[in-house]
Protein chains: 2
Amino acid sequence: MSTTQMLKGILDGCILAIIKNKEVYGYELTEKLESYGFHSFSEGTIYPLLMRMQKEELVTSTLKKSTAGPRRKYYSLTKKGEEELNKFKLQWDHLQTNVNRVLSNEVEEN
Amino acid sequence: MSTTQMLKGILDGCILAIIKNKEVYGYELTEKLESYGFHSFSEGTIYPLLMRMQKEELVTSTLKKSTAGPRRKYYSLTKKGEEELNKFKLQWDHLQTNVNRVLSNEVEEN
DNA sequence: TTCTATACCTTGCAATACAAGGTATTTTCT
DNA sequence: AGAAAATACCTTGTATTGCAAGGTATAGAA
């Protein structure tokens, strides 16, 4: 099993969290994710993902001049994006709890 | 983002962990996962997954009579399956660490 | 001018969770 | 005995998403 599969759906939430903290552009994200411990991501992953999130109105983008190279497309969170991030946090929390419960072989308590 | 996507690749590890603890049959798994807090899984998810894991020699299966209904196909872990489970635990640990780091906006320490 | 780094995007593929539908066995109910 | 219900397995087709590979364009440096 590759880490690739384990990231499905989780990367979305991580990127929302990063954008919330500070607006970023796509190219920057591929590097930024590394600073959080992830192996570096393909641009073929990042750009389509950002465009999808914009289509879903979770983020907005504005072009700004770069110091070196073409203009950067900076992304920031919409209100809907913040709500989505909060939803993700809850889901991630449940997932963590459940997986850890399975791995340590404990049954759910109520 | 649905939980469905967040499970990709993670379900494998969970099922390996459950099988290691005690041999189980497919139909039973769909119920067992609920007791760990997961919403119940489709059989269309479980059966292909078990067959794939058998093909990869992570598990073996034996048919046993049921008290009610057709014979059950019980799965148990191979040595390779145990190794895979250990790998999964490490990967899951890293994933947890990294995602939580992003969500709390901490940079990796070295 | 040419090279390099920056920055964006597209296409096609692989992996996997799931809905929907199908088959067979065993017990229970009428 | 026949019908119904629960148990148990499997298959097909679809949607989602991460990624490799390849493409385009801008700006500064050599």
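The chains referred to below are lettered A, B, ... by the order of the sequence lines, with proteins before strands, and numbering in each begins at 1.
- Between dC19(D), dC18(C), dT17(D), one nucleotide has an atom nearer to the side chain of Phe41(B) than all others, and that is dC18(C).
- Taking atom CZ of residue Arg72(B) and atom C1' of nucleotide dC10(D), one finds them 18 Å apart after rounding to whole Å.
- Across all non-hydrogen atoms, the minimal contact from Ile19(B) to Tyr75(B) is CG2-O, 3.4 Å.
- Which of dT26(D), dT10(C), dG18(D) sits closest to the side chain of Asp12(A) comes down to dG18(D).
- Of all heavy-atom pairs spanning Ser61(A) and Lys73(A), the tightest one is CB-CG, 3.6 Å.
- Side-chain atoms of Glu43(A) stay outside donor-acceptor range of the base of dC19(D), with no qualifying N/O pair under 3.5 Å.
- Screening Asp12(B), Ile10(B), Leu7(B) for a side-chain contact (heavy atoms from CB on, under 4.5 Å) with Met6(A), the sole residue that qualifies is Ile10(B).
- For Arg71(B) and dT25(C), the shortest distance from a side-chain N or O to OP1 or OP2 is not below 4.0 Å.
- The distance between atom CG of Leu49(A) and atom C1' of dC8(C), rounded to the nearest whole Å, is 15 Å.
- Of the residues near DNA chain D, Gly69(B) and His39(A), the one whose nearest nucleotide (by heavy atom distance) lies more toward the 5' end is Gly69(B).
- Using cut-offs of 30° and 60° for the angle between ring planes, the Trp92(B) and Trp92(A) rings count as tilted.
- For Lys80(A) (side chain) and Glu56(A) (main-chain N/O), a donor-acceptor pair under 3.5 Å exists by modelled atom type.
- Counting non-hydrogen atoms under 4.0 angstrom, Gly26(B) reaches the backbone sugars and phosphates but no base.
- Atom-to-atom, CG of Leu63(A) to P of dA7(C) comes out at 13 Å; the value is rounded to the nearest Å.
- Set against dT6(C), dA17(C), dT16(C), the side chain of Pro70(A) has dT6(C) as its closest nucleotide.
- In this model, the phosphate group of dG18(D) is not approached by any side-chain N or O of Ser42(A) to a distance below 4.0 Å at OP1 or OP2.
- Residues Tyr47(B) and Thr45(A) both approach DNA chain D. Their nearest nucleotides, taken by heavy-atom distance, put Tyr47(B) toward the 5′ side.
- There is a side-chain donor-acceptor pair under 3.5 Å between Asn100(A) and Gln96(B).
- For the pair Ile15(B) CD1 and dC18(C) P, the computed distance is 10 Å after rounding to whole Å.
- The OH-P distance, from Tyr27(B) to dC10(D), rounds to 14 Å in whole Å.
- Look at Thr4(B) and you'll find a side-chain N or O under 4.0 angstrom from OP1 or OP2 of dC18(C).
- When each of dT11(D), dA15(D), dT7(D) is scored by its nearest atom to the side-chain atoms of Lys8(B), the top-ranked nucleotide is dA15(D).
- With rounding to whole Å, Tyr25(A) atom OH is found 8 Å from dT6(C) atom C1'.
- One can place CZ of Arg52(B) at 9 Å from P of dA15(C), the figure rounded to the nearest angstrom.
- We find that CG of Leu7(B) is positioned 13 Å from P of dT16(C), with the value rounded to whole Å.
- Within the structure, a side-chain polar atom (N or O) of Lys73(B) is placed less than 4.0 Å from OP1 or OP2 of dC10(D).
- Mapping Met51(A) and Glu56(B) onto DNA chain C via the closest heavy atom, the residue that lands nearer the 5' end is Met51(A).
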